[in-house]
Amino acid sequence: MDLARPDLRPDPSLSRAEMESLQREIAAAATFADDHALDPDSVAVGEAASLADGLPPARSDAVANETLPGTGGAGDESEAPTVVGVDQAFLTDRDDGRPDAAVSAAVALRGGSVIEYASATTPLSIPYIPGLLAFREGDPILAALDALDADPDLLVCDGSGRIHYREAGLATHVGVLRDVPSVGVAKRLLCGEPDESTDERPEGWRTPICADDAVTTAEPGTVIGHAFQSRQYPNRKRVNPLYVSPGHRVSAETAVDLVAALCAGYKLPETTRLADAHAERAKGDAA
DNA sequence: GCGACAG
DNA sequence: ATCTTGTCGC
């Protein structure tokens, strides 16, 4: 599976206490600061993909991904970073409470357009438990990333990163195991407290999420993410904000700037919309 | 015991 | 997350 930190890979038979302990190690190994200075402008998506008539085709981008013989290879500044969105759908046996499987999708974007789709189907180990989501969805996500040829400069995960009881949400978990910059985008708040009320805020508005008593590994008041109003209707009922947090190697501020740049008129960033749609397609193909 | 709890 | 119909508004 090519993990950057194989020592932190969860054993399938961990107890709950062991999973929580591993999360503290993962959080300790995580960096909640910008080290490679990903520029939000370089990942910006101009126009939203229209999911109405199917997913957009993956643009062939083999040349840009190739290392030319005799050339340096690393870090071509003229090329836009590869941003990979991951999401999953689940298969349930209709018959009698049979165990289900996760269908994970990874979609790679460069310069605002899709360059590759990948997916993987993985048996599920544990049920959903708040705070332990990464132990259910982590391996399936890694499997989808393994199926991807492109190598990510940034991962966008469906769920929290640092906004987590032990600062080790799904985005942090995956980011640390692969040692790749990552951000978490959640539709609901797991823990922490918004600085200001999130009611009826205009598009583009944001406020810090500060650690509260539920966050056991951080001083109360530590900024662990942001609420971000990515979308708002002019005349209609309110839209809930997104909860954006650093996964790994990204600061809270940059995380929300990156997600803002990846939004193109919908509540969810394009990476998430496309990964969600691809997971549904793959699920349908399986069934 | 009660409340809170990503996907 | 998943199971599902209609409904409102741009």
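Numbers restart at 1 for each chain; the letters A, B, ... are given by sequence-line order, proteins then strands.
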Establish, from distance only, whether the side-chain atoms of A:T254 and A:D34 form a donor-acceptor pair under 3.5 Å. yes
Using a cut-off of 4.0 Å on non-hydrogen atoms, how would the nucleic acid contact of [X] be classed: base, sugar-phosphate, or nothing?
X      : value
A:L132 : base
A:G184 : nothing
A:A102 : nothing

State whether A:K187 places a side-chain N or O below 4.0 Å from either non-bridging phosphate oxygen (OP1 or OP2) of B:dG7. yes
Expected output check: what is the dot-bracket annotation of DNA chain B, where ( ) and [ ] are pairs inside the strand (brackets for crossing ones), | is paired with another strand, and pairs are Watson-Crick or G-U under 3.5 Å? .......
Which atom of A:L154 lies closest to which atom of A:V180, heavy atoms considered: N-CG2, 4.4 Å
May I ask you to say whether A:E167 pairs ionically with A:R24, meaning some side-chain N is under 4.0 Å from a carboxylate O? no
Does anything in residues 260-283 of chain A come within less than 4.0 Å of DNA chain C? Heavy atoms only, and list the residues if so.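 Within residues 260-283 of chain A, the residues near DNA chain C are A:E280, A:K283.
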Proximity to the side chain of A:Y165 - top-ranked nucleotide from B:dC5, B:dA6, C:dA1: B:dC5
Which dot-bracket string describes DNA chain C (Watson-Crick N1-N3 plus N6-O4 or O6-N4, or G-U N1-O2 and O6-N3, all under 3.5 Å; [ ] crossing; | other strand)? ..........
A:D213, CG atom: more than 12 neighbouring heavy atoms under 6.0 Å: no
Between A:Q229 and A:R201, does the side chain to side chain donor-acceptor pair (under 3.5 Å) criterion hold? Intermediate values first, please. CA-CA 7 Å; A:Q229 193 74 47; A:R201 298 301 189 171; over 6 Å; no
Near-ring test A:Y243/A:H226, centroid separation under 6.0 angstrom: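 No - the distance between ring centres of A:H226 and A:Y243 does not fall below the 6.0 Å cut-off.
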Taking the six-membered ring of A:Y233 as reference, does the cationic atom of A:R238 (NZ for Lys, CZ for Arg) lie under 6.0 Å from its centre and within 45° of its axis? no
Taking only residues two or more places apart in sequence or in another chain, which ones pass side chain to side chain contact (heavy atoms under 4.5 Å, CB included) with A:S42?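 Checked A:S42 against side chain to side chain contact (heavy atoms under 4.5 Å, CB included); matches are A:D39, A:P81.
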Going by side-chain hydrogen bond (donor to acceptor under 3.5 Å, both in side chains), name the pairs with one or both residues in residues 263-278 of chain A, residues two or more places apart or in two chains. A:E270-A:R273
As a test of understanding, state which of A:D151, A:D146, A:D153 forms a salt bridge (Lys or Arg N to Asp or Glu O under 4.0 Å) with A:R178.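 By the salt bridge (Lys or Arg N to Asp or Glu O under 4.0 Å) criterion, A:R178 pairs with just one of A:D151, A:D146, A:D153: A:D146.
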Is the ring centre of A:F90 under 5.5 Å from the base ring centre of C:dA1, and are the two planes under 30° apart, so that they stack? no
Could I get a table of every N or O pair under 3.5 Å where one atom is in the protein and the other is in nucleotides 7-10 of chain C?
| from | atom 1 | to | atom 2 | distance (Å) |
| --- | --- | --- | --- | --- |
| C:dC8 | O2 | A:R236 | NH1 | 2.7 |
| C:dG9 | O4' | A:R236 | NH1 | 3.4 |
| C:dC10 | OP1 | A:N235 | ND2 | 3.2 |

